[in-house]
Amino acid sequence: MNKVSIATALLLAFAAAGASAAPGDEELPGPYLGAAVGVSHYKFNFDCASGADSCDKSPNGFKFFGGLPMTKNVALELQYIQYGKAEAKNGGATLSGEGRHFGLGVAATKNFGDRLTGTARGGLASNKFKITGGFGGQSDAVSENKVTYYLGGSFGFRVTPNLTVEGGLDMTRFEFLGTHATARMLSLGVRNAF
């Protein structure tokens with residue numbers, strides 16, 4: 001069983017537990033918006049450091065997300081994540097890759113007491129990976145779009161009944177020029193419910 005199958009099974013189990021735990025007479029929470037910044041890491045299926053003077057595979061990234069609760073614990077969620085730009089340099093040549101995705105999926109949130117929360121999320125993402133190469137003042141770029149999965153999770157601390165500070169992990173896969181890279185982002189941000 002691969003990691004994606006295990007993560008998907010855990011996400012579905014978490015969502016089912018959250019949905020079944022919601023009493024039918026409680027008020028449905030309102031929609032929410034959130035933003036976060038963090039550090040990303042790309043894992044390529046080739047060694048970008050071989051023969052390069054420098055290779056930075058851990059750029060800064062950011063994300064925006066919003067959700068519309070369907071039950072007390074499960075929401076339909078839309079997100080945009082910019083994973084940042086990985087870059088390799090060798091002499092006067094530069095090669096960079098930058099990934100982003102628009103995702104639509106579900107987020108299952110479980111409360112642990114009055115202040116602590118845990119959220120598991122997953123769905124489909126329209127991923128774009130842009131590769132830019134340059135040498136001697138000239139540059140060219142190519143990009144590829146693919147629809148694939150995304151998975152993520154976060155733990156939060158409620159500062160007020162509507163404002164939560166969250167630390168999270170998001171991951172997806174980018175495909176380009178017959179090869180691929182996985183991307184992960186560890187982030188810190190806020191979620192505000194309305």
Side-chain angles (χ1 to χ4, degrees), residues 1-22 28-45 58-84 97-112 116-129 144-158 164-176 180-194:
M1 195 178 225
N2 65 28
K3 292 178 188 176
V4 173
S5 298
I6 293 169
T8 303
L10 287 173
L11 175 68
L12 292 174
F14 194 36
S20 66
L28 191 66
Y32 59 87
L33 293 175
V37 296
V39 63
S40 299
H41 181 76
Y42 290 100
K43 182 177 179 186
F44 298 98
N45 67 346
S58 298
N60 294 324
F62 62 89
K63 73 175 182 176
F64 298 105
F65 59 97
L68 182 63
M70 301 288 117
T71 71
K72 181 165 175 45
N73 298 89
V74 178
L76 184 64
E77 192 172 82
L78 183 67
Q79 63 175 234
Y80 172 79
I81 299 180
Q82 176 64 258
Y83 287 91
E98 185 172 11
R100 64 100 181 120
H101 88 229
F102 287 100
L104 177 63
V106 295
T109 300
K110 177 86 172 143
N111 295 321
F112 301 102
L116 300 178
T117 65
T119 301
R121 55 180 49 93
L124 292 177
S126 173
N127 287 355
K128 180 178 182 179
F129 197 80
E144 280 195 41
N145 294 304
K146 298 282 183 186
V147 174
T148 187
Y149 68 92
Y150 73 87
L151 297 171
S154 62
F155 286 100
F157 178 79
R158 271 201 192 92
T164 304
V165 175
E166 293 185 332
L169 170 67
D170 294 282
M171 59 190 112
T172 192
R173 176 184 165 114
F174 293 99
E175 295 182 19
F176 53 94
H180 68 272
T182 55
R184 298 183 306 270
M185 184 174 74
L186 285 171
S187 62
L188 183 64
V190 295
R191 174 180 8 186
N192 190 58
F194 299 97

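Each of L151, V106, D170 was checked for a side chain to side chain contact (heavy atoms under 4.5 Å, CB included) with R121, and the lone residue meeting it is D170.
Of the inter-residue distances, the one linking Q82 atom CD with K128 atom NZ reads 10.0 Å to the nearest 0.5 angstrom. To the nearest 0.5 Å, atoms CZ (R184) and OG1 (T172) are separated by 12.5 Å. The CG atom of L78 sits 11.0 Å away from atom CG of L68, with the distance rounded to the nearest 0.5 Å. The distance from atom CG of L104 to atom CG of L76, rounded to the nearest 0.5 Å, is 5.0 Å. Rounded to the nearest 0.5 Å, atoms OH (Y32) and OG1 (T109) are 6.0 Å apart.
A heavy-atom distance below 4.5 Å is not found between the side chains of F129 and H180. Under the 4.5 Å side-chain criterion, counting only non-hydrogen atoms from C-beta, T117 is in contact with R158. Using a 4.5 Å heavy-atom threshold, the side chains of T148 and H101 count as separate.
Residue L33 comes nearest to G66 through the heavy atom pair CD2-CA, 4.0 Å, listed as atom of the first residue, atom of the second, then distance. The two residues Y150 and E77 have their closest heavy-atom pair at OH-O, 4.2 Å. The minimum heavy-atom distance linking H41 with S58 is given by the pair ND1-OG, 2.9 Å. Of all heavy-atom pairs spanning F174 and R100, the tightest one is CE2-O, 3.4 Å. Taking each heavy atom of F157 and L116 in turn, the nearest pair found is CD1-CD2, 3.8 Å. The two residues L28 and K72 have their closest heavy-atom pair at CD1-N, 3.8 Å.
Under the rule for a side chain to side chain contact (heavy atoms under 4.5 Å, CB included), the partners of S40 that lie at least two apart in sequence or sit in another chain are P59, Y83, M185. For F64, the side chain to side chain contact (heavy atoms under 4.5 Å, CB included) partners at least two apart in sequence or on another chain are A35, F62, Y80.
Within 6.0 Å of the CZ atom in F155, the count of heavy atoms belonging to other residues, nucleotides or ligands does not exceed 12.
S154 and R191 form no side-chain donor-acceptor contact under 3.5 Å, judged by distance and modelled atom types alone.
Counting only distance, with no hydrogens or angles, the side chain of N127 and the backbone of E175 share no donor-acceptor pair below 3.5 Å.
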